[in-house]
*Asks:* 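Take this structure, written in structure tokens, and hold onto it; I'll ask about it next.
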Amino acid sequence: MATASTAQKSTWRKIYEWHESRLPIVTYLDHVVGTKYPAPRNLNYFWNFGFIAGFMLLVMILTGVFLAMNYTPHVTLAFDSVERIMRDVNYGWLMRYLHMNGASFFFIAVYIHIFRGLYYGSYKAPREVLWWIGVLLLLAMMATAFMGYVLPWGQMSFWGATVITNLFSALPVVGKSIVTLLWGGFSVDNPTLNRFFALHFLLPFVIVGLIVLHIWALHLPGSNNPLGIEATPADKVPFHPYYTIKDTFGVGAFLLVYFAVVFWAPNMLGDADNYIPANPLVTPAHIVPEWYFLPFYAILRAIPNKLIGVLAMFGSILVLFVLPWLDTSRIRSATFRPVYRVLFWVFVADCALLTWCGAQLPEGLPLVLGRVGAAWYFFHMLILMPVVGWLETPKPLPASISQSVTGG
Amino acid sequence: MRKIVLAAALAAVLPVSGLNAAEEAVLPKQDWTFNGVFGKFDKEQLQRGFQVYKEVCSNCHSLKYIAFRNLEALGYSDEQVKSLAAQYQIEDGPDDSGDMFKRKGKASDYMPKPFPNEQAARASNGGALPPDLSLIVKAREGGPDYVYNLLLGYEDAPADMKMAPGMNYNKYFTRGAFQLAMAQQVKDGVVTFADGSPNDAAHIAKDVTAFLAWTAEPKLEARHSTGFRVMLYTLLFTVLAYFLKRRIWSRIGH
Amino acid sequence: MANTAPAHSMHGDGADGDTRRDFLLHMTIATGVVGTAMMVWPLVDSMNPAADTLSLSTIEFSIAGLKEGQDITVVWRGKPVFVRYRTPEELKSAQDVDVKDLRDPQTDASRVKKGHDAILIVVGVCTHLGCIPLGQKATDPRGEFGGWFCPCHGSQYDASGRIRKGPAPANLEVPPYTFVNDTTVRIG
């Protein structure tokens, strides 16, 4: 019995080694997310959200591929084909609600991941390129989400597409031609829907590619940590099993919230108007984008000039590219930056305020608050980040992670 | 503490998309059997609601995503559905000589529409288009509470309000400045139920709204029961992962 | 604390808690694997026929206008169904075949409904690789046996739709059908 099992094991071992010597994929993965990737031992639960975001991307691609098998990208059939998915396709309602709410939960994970990076200074040297790829990922996600929202061809799909593509008409001289090119016609119509479907299918795989680069760029300097100081080898633990199990637990906890929404409030984050088929002749009383776009939408509407509004909206994301240089502090973690720490929470509140304003009609108090919020956003990024970095007196840093642990 | 503040801030960001309409009329909330974690449709109520749709609503409103076969979910048998479908004349064709013809409905047919096209519908309704009702409960902010209250929300227009000709004042019709082309249809006794259920306006409105909640979300019961099982399973997995995580991390202490 | 080297392997520490951890580990992995499988099933099942597709699997059509020697083709489940009102000669040739000589032995009587012997109803899909055999139009080649001829790989069927020559392994399939009355047929 024992002999047999050893013999069998050695056969498997031989096959494994034969394959591994030709394509060392297990060895490679072991270096990427396994026992050969040392990670700081003091990462807190906010470090779970990168893994969670990757997991959500997987959920989106899987449900998306099967939804695409039943979806018809044609203006006369798109809405009906989505209803057919909801009513007739086996488990179609489940895939559709997982996908629809998956977008929101993907953004929740990514936004927490970004704010974690902002709080702990994860964008600073030597992780600038890692941060850049992250911003590119955000942009790719936004484009994918926007085009995906158009596909059900409801009223919000249609008018959201109209409003957002019209943003490009603000560009001088070429604006109108660009919008015509985006539409493939003279309004949002069947060619627009077709290309959005093609791109919505393509972009997630671009995102996968960017994630590979993101992880590659992460592995040279290694993970940042809550203290923001360099982790010595003694302060590190292998990613597997320590962080694989921690991330697995994190995904489970995150899924509980996600599933609660999918199964009991699947339309909570959506807009009722999107259950009305698109009508190019009637605009809904109040066009709102999905919640994850609201802060940017609020910045757009805060500025009365069309071109400047559009530039400000795109600028609010593009400014993240230069953030590593706008932040002049040499200290990474906000834990040791008493002033920045307060400003960080003010910035979080500012983003929450902008989100709220983005959902209101652009008049009266919400408009005023939106303007204040938009101004503060850029004031924080462009003025406070460099100035506070120069003037602030940081708290003393611990000599090492283990010193901080024993001392604190 | 810091973590709690961050979590709270992010949680505060989430529900805002629900709060966008500036002047939402307060809708008195109703008890629906399909609310809640284990919410289910009341099949008898759905059958009554279907009767209301057939006898009242269907004169103007289509229900285009509902096929007769779907009505089995209301508790009708296969045979009942077939004989029900056979009561309808469905246009089919073209036949061998190229003409459209009428035939008895089959279970796979969809509910016939009261008007052949939008123009005909408008022409018969003073220029207004009666919307398809299949998704109406999901397509209106407030859902079933909105539909229910709208059906009963007719009042005399305020003295200072100038009503357009042919319009009816409805205090819940915020989407159209309180002026609704549809006159009050749900009135006491407008339908008589075979099982002797109360047929005052409020009960009729409630039954037909429940029916329309079903047409909008026919998979609701499957969603609730699947959801419960998925949640239990995910909870089990998460708890196991938590203890395994504690076990593994106990080796290096803190 | 800092000097405590972290244990790098999942197994073989021999410490007290290992049995419990192994149980936990196996439980967690098993739960995860089963959970993943349960999530995959809805995705796979979504590729099966949907409710509206299934509801269309029964059709009715009239053969009132069909005359002796004529063929009609109706569509059932996206496939052609051949309906042939056979002439007495065709019928006789189909009935007189010695069943023992056939590749897929079936009598003609077992392929039609009693009392409607002249009406042959078969699914018009070649049992070789799914092409549509010729023979429905008067001008079509019907092969050596007066039935149907598949142009893809040369399978030949007789007037009962039975395979007589060529690569196809089986007779043309007889769909489940009934005569609702003398002139109406329901398939499915």
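Side chains included, hydrogens not; waters and symmetry mates left out as well; all remaining heavy atoms used.
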*Asks:* Hey, could you give me the CG/CG distance between B:L244 and C:L24, rounded to the nearest 0.5 Å?
*Replies:*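 If I round to the nearest 0.5 Å, the distance is 5.5 Å.
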
*Asks:* Under a 4.5 Å cutoff for heavy-atom pairs, which residue among C:D52, C:L54, C:T58, C:L56 has the most contacts with chain B?
*Replies:*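 Among the listed options, the one with the most contacts to chain B is C:D52.
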
*Asks:* Is the number of heavy atoms from other residues, nucleotides or ligands under 6.0 Å of C:F149 CZ greater than 12?
*Replies:*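 Enclosed: over 12 neighbouring heavy atoms sit under 6.0 Å from CZ of C:F149.
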
*Asks:* Is it the case that atom CG in B:D31 sees more than 12 heavy atoms from other parts of the structure closer than 6.0 Å?
*Replies:*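 Result for CG/B:D31: open.
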
*Asks:* Checking an interface table here. Which of residues 32-69 of chain B come within a heavy-atom distance under 4.5 Å of chain C?
*Replies:*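 Counting heavy atoms that sit under 4.5 Å from chain C, the residues of residues 32-69 of chain B involved are B:R69.
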
*Asks:* Counting only non-hydrogen atoms closer than 4.5 Å, can you tell me which residues of residues 32-48 of chain C sit against chain B?
*Replies:*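 Under the 4.5 Å heavy-atom cut-off, C:G32, C:V34, C:G35, C:M38 qualify.
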
*Asks:* To the nearest 0.5 Å, tell me how far B:Y233 OH sits from C:T31 OG1.
*Replies:*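 Output value for this atom pair is 5.0 Å.
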
*Asks:* If a pair satisfies disulfide (SG to SG under 2.5 Å) and one of its residues is in residues 136-188 of chain C, list it, with sequence neighbours excluded.
*Replies:*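 Pairs touching residues 136-188 of chain C that pass the test: C:C131-C:C152.
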
*Asks:* Please state whether the side chain, the backbone, both or neither of B:Y110 comes within less than 4.5 Å of a heavy atom of chain C.
*Replies:*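 B:Y110 touches chain C through side-chain heavy atoms alone.
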
*Asks:* With a strict 4.5 Å heavy-atom criterion, list every residue of residues 209-226 of chain B that contacts chain C, or say none.
*Replies:*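 Heavy-atom contacts from residues 209-226 of chain B to chain C are absent.
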
*Asks:* What's the spacing between C:F23 CZ and B:L240 CG if we round to 0.5 Å?
*Replies:*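 If we round to the nearest 0.5 Å, C:F23:CZ and B:L240:CG are 8.0 Å apart.
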
